[in-house]
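Report on the following structure.
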Amino acid sequence: MESGNFDEMLSAADGCRSPYRVLAEWLEAAPAELIEQRRREAELLFRRIGITFAVYGEESAEERIIPFDIVPRVLDREEWDRLSRGLKQRVAAINSFLRDIYGAQEILRAEIIPSDLIFANPAFRPEMMGRRTPGDIFVPIAGVDVVRVDPDTFYVLEDNVRTPSGVSYMLENREVMMLLFPDLFSRHKVAPVETYPEELLATLQSIAPRTAPTEPTIALLTPGPFNSAYYEHSFLADKLGIDLVEGRDLLVRDNICYMRTTEGLQRVDVIYRRVDDDFLDPLTFRPESVLGVPGLMSAFESGNLTVANAVGTGIADDKAIYSYMPQIVKFYLGEEPILSNVPTWRCREPDALAYVLDHLDELVVKEVHGSGGYGMLVGPASDAATRQSFADKLRADPDNFIAQPTLALSTCPTWTSAGLAPRHVDLRPFVLSGADRTRIVPGGLTRVALREGSLVVNSSQGGGTKDTWVLDD
Amino acid sequence: MLSRAADNLFWMARYVERAESLARILHAASRMAAIPNIGSSPANEWHSALAAAARADAYFELHEAVTAEQVFQFLAFSEANPASIRNCLRAARTNARAMRTALTIETWEAINGAWLDFDHLWGGAVPLSELNRFIAWVKEVSLRVDGSAYRSMLRHEAYWFSRLGVYIERAETTARILDVKYHVLLPEHEPVGGGLDYFQWSAILRAVSALTAYHWVYRDSIKPWLVADLLILREEMPRSLASCYANISMYLDELASDHGRQGESQRAARRLLAQLRNSDMKEIFQGGLHEFLTDFIAANNRTANAVTEQYLV
């Protein structure tokens, strides 16, 4: 174990933290061959289920599976309850922020956020000005990335309020674990996650437009089979029992959205879209987009269609806005934030830029609009030449970057070729905000950096996943 | 169900059926070409194969002469021929993948497996001597897809649209195979008899797996008008035009009763089925077999277009 790191299993006075006690005993007693055999079985199961993802830019890997680690990540109920209160608070603040930014803009008048950070931001959608959403919910689905540094502190790394993915892994990881380790489940009270599709459906139904019937028609809009998350799209559509549609399956006539079915045009009330804003409606956004639906925005504007998540939510998970999140929580909710924000240097501020350039070897530098672990610099893991060329990029376009200290991400025991070893993990719980209430299934997607010492957990960068257990006493 | 999903299923089934039809056409041509002294050159048989596959024009854009090797390559493997067996299986797989969740695992594996195996098994230059082995493999793929769908798919829209694809494609193939050989089926050739025609007729029957069926149905030596009768009017013969239309009509009726609505495709199919049921071979020969088959192919296309218009767009 690396010194100074918080290990979720081992960092305790007596050598084992209480949520992991039974699991640790089991791991201690199980022969390595047994664990290795189950690991291979797990891999086979994933291949057969067909969970694959595509890595952009790798031709050979059109369909690849994400490595799965069979050692679960465990939280007890108390830890989870605190975390989930923090998540609800944060997402509630984000929904208020979005209603305000596209409405009265009080937060700008209060001078809490500089207005050029909003208006000059490509994630801000002027088309949404003055628009309301059912229940004032802009972000029905958030996949908030949190990391842990000690027993008491969770940091939010990213809010992911555009089209977060990964929930299919949360569900399939649990399926596979229950198949392979029934003995472990009988010794733990693991809170179920399989209600997620029902909760998602209830959430989407709650934000149907007023014009919709009691049982609204909901469809999942995908960019198509070549999208890296297509597996997840078809998986969710199946579990929700809704149609998986592409742009060409939909049309808008007289501000009403329809899908083309074998029985003629059928009205659609709610679209759970997994297509980015830019491609959603060629009449409003990118005119060359063939993934979207001409007129979709007019159906939304007329109150005949809910688009989930709403257009323009990206302004809230922009990394420059991120740094203001504690103030945003206080401004809208009048509460102290429960979850911590990672201290963030905004390189657009000259003092901050100077500091960042002086401390590149200690910091993580990210693009303001980037995601997926692309285009970032992890200072402590980089060499001088990489830092030098990154410094040039920074000076050329400081507005485009933020920097954060390298967090001592917690580790969790992980099965490696050399047996159990600590690897860094993060956690992506999924927060569902409906017009009626907020729902979070206990758990989420734990991502693990499989390379020793690595802090990058993204699947596109060699990360894997784990099942996440919340234990009821 | 989504129109696009139905369209994918319809075409997936059509492409698999088309791959099988091409294999059967190649099989018949290779048998005929192998028979000595039949009065026509072997090249004629391969030319007939191109005609039956409706690919003659496309072939001559790329080749000047008809040779067995080149026709085999063109109809089975050619990248340049969008309707080669290889491209049909690829198109079937692409359609299946786009609507993966509408298929059962068995059907998906049959199609996906065939495509994944194709280059592995037939990736290099396949010599003409391998033709029979290749044809057997293609038929097996088609059987596996068909059989898995029959055994595992819910009897619902997804299944009905895939069956419609099979039968519309099959009706077209049978009509084309007959049309290419229509001159040997004409009654005036009857007294000629002889070796040549006998082999021609039996090759036609073989191409549609009907040689044994013929003997069962007619208990007679092979006579041209009976061959035509079997492949056009006999509903008990699974590749006959009448049987195809009985099935097309049945699956369209299932759709109509499920949706509670009849449309142009039901009317078109019913018209054609009634016409077949009310015809006899004498009448068809009087009006001209070739004319009859040409009309049938056009009417079959109208049915396919009506299905597309009504359901798939």
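Chain naming here is simple, since letters A, B, ... match the order of the sequence lines and numbering starts at 1 in each.
- Between the side chain of B:Tyr311 and the backbone N or O of A:Gly264 there is no donor-acceptor pair closer than 3.5 Å.
- Comparing B:Met1, B:Gln310, B:His259, B:Arg4 by heavy-atom pairs within less than 4.5 Å of chain A, the highest count is held by B:Arg4.
- By the 6.0 Å contact criterion, CD on B:Glu79 is enclosed, its count of non-hydrogen atoms from other residues, nucleotides or ligands being greater than 12.
- Checking side-chain atoms of B:Ser3 against main-chain N and O of A:Thr261 turns up a donor-acceptor pair under 3.5 Å.
- Heavy-atom neighbours of B:Lys139 NZ from other residues, nucleotides or ligands within 6.0 Å: above the threshold of 12.
- Two residues are said to be in side-chain contact when any heavy atoms from C-beta on lie closer than 4.5 Å; A:Val245 and B:Leu2 meet this criterion.
- Salt-bridge formation is not detected for the pair A:Glu263/B:Arg261: no Lys NZ or Arg NE/NH1/NH2 atom is positioned less than 4.0 Å from an Asp or Glu carboxylate oxygen.
- Under a cut-off of 6.0 angstrom, the local environment of CZ in B:Arg155 is crowded, with over 12 non-hydrogen atoms contributed by other residues, nucleotides or ligands.
- Of all heavy-atom pairs spanning B:Arg97 and A:Phe226, the tightest one is NH1-CE2, 4.4 Å.
- Atom OG1 of A:Thr262 sits about 11.5 Å away from atom CG of B:Asp7, to the nearest 0.5 Å.
- The environment of B:Glu309 atom CD is sparse: at most 12 non-hydrogen atoms of other residues, nucleotides or ligands sit within 6.0 angstrom.
- Counting heavy-atom neighbours within 6.0 Å of B:Asp119 CG, excluding the residue itself, gives a total above 12.
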